[in-house]
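Hydrogens, waters and symmetry mates are skipped; everything else that's a heavy atom, side chains included, is used. We number each residue from 1, following the sequence as shown. Just so it is clear, the structure is predicted and the values come from calculations on it, not from any experiment.
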Amino acid sequence: MAEAILEPRSLPTARQALANAGGMLRVLEAWADRRWLRDLDLALAQTLLRREPIMSPLVLLATALVSHQAGRGHLLLNLASVLADPDAYLTLPEAPRDAPGGVVMPSTLLAATDLAGWRQALQQSIAVSNGSTRTPLVLRHDDLYLHRYWQHERRIEDAVTRRLLDPLPIEAEILRPLLDQLFPPTARPDVDTDWQKIACALCARQRFAVITGGPGTGKTTTVIRVLALLQAQALSEAPGRSLRIRLAAPTGKAAARLNQSIAAQVQNLDLGTLHDADTIRAAIPTRVDTLHRLLGSRPDTRHFAFDRERRLPVDVVVVDEASMIDEAMMAALIDALPESARLILLGDKDQLASVEAGAVLGSLCARAETGGYDAATAAWLQTASGETLDPALIASEPRPLEQAIVMLRYSHRFDATSGIGNLARAIRNGDAAAARTTLGQSHGEDLHAIAVDNADDSALLDRVLHGHGPEAPGYVACLDVLRAQRPESTDLADLDAWALAVLDAQAGFQLLCALRSGPFGVQGLNERIETALIQGGHIDVGGELRHQWYEGRPVIVTANDYNLGLRNGDLGVTLRVPRTDDPTTTALRVAFHRQDDADAVHWVLPSRLQRCETVYAMTVHKSQGSEFRHTGLILPDTPSPVLTRELLYTAVTRASRAFTLFTSQPDVFEGAVGRQIQRASRLFADGDA
């Protein structure tokens with residue numbers, strides 16, 4: 001590496017780096033050698049310098065930084081923010097910010113630079129425009145974008161705004177009897193407002209709508225009734241002509257879960273005395289595609305079969321788990337929609353955003369907590385649904401965007417006595433003291449806090465293996481089911497039933513990590529847990545090499561494989577079953593839930609699984625779209641930028657019955673509660689829409 005051969009005296013000083021682009025390029029190369037920048041960031045700077053040999057060093061620096069920001073999920077680089085804390089814009093190690101080996105730090109480079117001078121240097125470069133012409137970089141006020149992200153942001157905002165400013169002419173009085181049949185009076189005296197009913201009414205008059213809410217608030221239940229309402233309206237206006245509706249999710253795992261949930265709920269949907277109820281039910285789709293499949297992904301390209309030139313043949317598109325949609329995917333989706341089509345997004349605004357650039361749902365729902373409705377919308381909703389909005393949710397300066405967003409506020413899964421629910425609320429509110437108190441008052445019911453000395457702590461491994469009892473199992477419980485329910489019969493139906501029981505037990509516990517590498521990361525913990533299971537006699541790897549295929553090995557698929565019918569994030573378990581050609585002998589097969597039927601098993605040969613990993617531990621990001629009865633989260637012993645409020649909230653809300661926090665440093669947990677993801681974006685910023 002260059003770092004090993006560069007002498008400190010050969011590296012430019014700050015003055016030399018600012019004197020010409022060549023000096024600045026050498027500084028960028030030194031940063032890339034130390035992995036403070038990505039190779040991609042350096043390559044972009046080198047490319048633009050070849051096109052503009054007399055480029056200002058400040059432009060070259062900005063190019064590398066804006067690219068690096070995109071790699072960290074940000075859509076833009078705000079020049080004023082960089083000048084306020086320059087060193088925060090590199091991926092520096094967790095150590096004091098010094099300049100080892102004579103490398104110049106951003107704070108030193110920019111010490112004498114002011115905002116006006118930096119802005120002027122960018123405006124004079126042929127690589128930069130205000131967006132009116134196509135250039136690699138776009139400067140708007142003090143925000144610098146890579147062109148494609150600026151373009152994505154504008155296309156999304158323009159398309160959504162057109163839909164917001166053109167509500168459908170639906171009479172509230174016509175909706176009321178339909179909604180009353182879909183939402184009979186609640187039997188819960190503690191629920192003042194039926195937000196699901198309000199959401200349904202709002203979706204009926206908008207071509208764009210967002211339904212957000214935490215776990216158990218009924219987002220899927222609500223959207224099924226939305227679709228029933230829309231189909232009832234369409235069929236009443238034109239008998240025999242139902243709406244063309246498509247359901248989608250960002251990932252295969254999320255699509256599979258929604259598919260299972262919707263199929264069951266549509267079958268049991270009570271349509272009351274709605275005219276032609278059977279036809280309405282049959283017109284509600286149950287198949288869920290990934291967004292890539294919906295749009296027709298093209299291998300090795302960012303482009304899709306459906307785009308602005310060839311629109312999707314749809315009337316309504318519903319997308320679940322919208323928090324995982326990145327800006328580029330949202331732009332592609334909205335480009336492919338006909339102007340007349342409705343778009344309905346479902347998701348939890350407080351969950352982790354996509355690993356790619358952008359936080360679309362978070363930007364859209366920035367004011368969802370406070371309502372932001374105007375008086376006209378509140379009056380229309382009251383007439384249509386019979387529900388009265390709290391005056392505190394009526395805004396003095398309303399925006400069109402908030403008239404299309406509903407936040408579901410009552411959790412049917414976690415009530416006021418739920419430790420998981422109270423912890424999730426404290427984390428969501430950024431209240432570290434309340435989160436600490438909630439963990440301390442858990443009394444060993446649905447919340448557990450385990451202090452560990454290090455990643456090899458025996459207390460950690462014991463709880464991961466054995467859990468806290470029937471309601472909070474560990475990994476051994478799944479292996480016990482594997483052994484206890486193994487069928488004596490070789491009949492396929494018996495083997496399927498056994499596999500389903502093991503898969504259900506597998507969903508009983510999942511350990512989550514904030515990091516992928518290091519002693520508290522996925523890789524190290526997978527090895528230590530596997531070793532503990534071997535030493536305890538719970539699994540038998542045959543005395544051969546580690547990480548081979550063995551019975552009981554849990555796996556996660558890491559890439560879509562349409563030939564095998566598997567999607568990124570699918571969880572499976574390895575079982576030993578009789579061979580089909582010789583039932584007297586056995587072979588290993590990996591059992592997965594079938595995508596189209598959760599009560600059926602999809603068996604796969606281990607040799608065909610080229611993209612999978614052992615999954616005793618998984619990252620919190622990978623867990624999105626999943627639910628486990630008992631979830632454990634292990635935090636590293638030092639702070640990290642990835643430890644945020646959204647990560648903790650996502651981890652806690654993956655659990656339906658019990659949650660365990662493993663930590664060696666309570667301050668790390670409390671610091672994460674107070675650290676919120678701030679992704680630089682101007683999508684529907686204050687003053688817009």
Side-chain angles (χ1 to χ4, degrees), residues 160-161 163-165 167-168 170 172-173 175-176 179-180 182-183 185-186 188-219 221-223 225-226 229 322-323 344-351 360-412 414-416 421-422 424-426 428-431 649 676 683-689:
V160 170
T161 300
R163 285 173 165 81
L164 294 175
L165 298 179
L168 295 164
I170 304 296
E173 293 81 2
L175 289 180
R176 179 65 182 272
L179 288 170
D180 285 345
L182 289 169
F183 293 90
T186 178
R188 296 191 61 93
D190 55 335
V191 179
D192 296 327
T193 304
D194 191 338
W195 284 102
Q196 294 186 15
K197 193 175 185 181
I198 288 174
C200 204
L202 187 143
C203 288
R205 77 163 188 170
Q206 300 282 359
R207 287 192 175 90
F208 175 80
V210 180
I211 302 174
T212 187
T217 52
K219 295 184 291 293
T221 300
T222 302
V223 82
R225 283 160 175 76
V226 168
L229 176 64
S323 63
I344 301 172
L345 303 179
L346 309 177
D348 187 341
K349 67 180 179 64
D350 298 305
Q351 280 193 32
V360 176
L361 189 69
S363 297
L364 292 170
C365 297
R367 300 186 183 187
E369 200 88 34
T370 56
Y373 301 108
D374 60 33
T377 297
W380 188 92
L381 287 171
Q382 182 173 9
T383 302
S385 67
E387 302 292 322
T388 302
L389 295 183
D390 186 329
L393 300 177
I394 310 301
S396 57
E397 297 181 4
R399 304 188 309 170
L401 178 60
E402 273 68 55
Q403 316 316 307
I405 296 174
V406 175
M407 179 175 172
L408 305 182
R409 299 163 188 264
Y410 175 77
S411 176
H412 300 270
F414 303 127
D415 60 21
N422 288 328
R425 280 188 287 273
R428 186 189 68 192
N429 295 334
D431 192 336
Y649 176 85
Q676 193 170 14
L683 185 65
F684 288 112
D686 289 345
D688 298 326

Enter the distance from [X]:[atom1] to [Y]:[atom2] here, rounded to the nearest 0.5 Å.
X    : Y    : atom1 : atom2 : result
D350 : Q676 : CG    : CD    : 8.0 Å
D180 : K197 : CG    : NZ    : 4.0 Å
I211 : I198 : CD1   : CD1   : 11.5 Å
R409 : Q196 : CZ    : CD    : 13.5 Å
C365 : D348 : SG    : CG    : 9.5 Å
L683 : L361 : CG    : CG    : 11.0 Å

If you define the side chain from C-beta out and look only at heavy atoms, does anything of [X] sit under 4.5 Å from [Y]?
X    : Y    : value
Y649 : P215 : yes
F684 : T161 : yes
F208 : L345 : yes
Q206 : R163 : no
L179 : C200 : yes
T377 : L389 : no

Would you check if the side chain of [X] reaches a backbone N or O of [Y] as a donor-acceptor pair within less than 3.5 Å?
X    : Y    : value
T212 : K349 : yes
Y373 : I405 : yes
R225 : L182 : yes
K219 : G213 : yes

Please name the pair of heavy atoms, one in [X] and one in [Y], separated by the smallest distance, quoted to 0.1 Å.
X    : Y    : value
L164 : P400 : CD2-O, 4.0 Å
Q403 : P398 : NE2-CB, 3.8 Å
T193 : E387 : CA-OE1, 3.6 Å
E173 : T383 : OE2-CG2, 3.8 Å
W380 : I170 : NE1-O, 3.4 Å

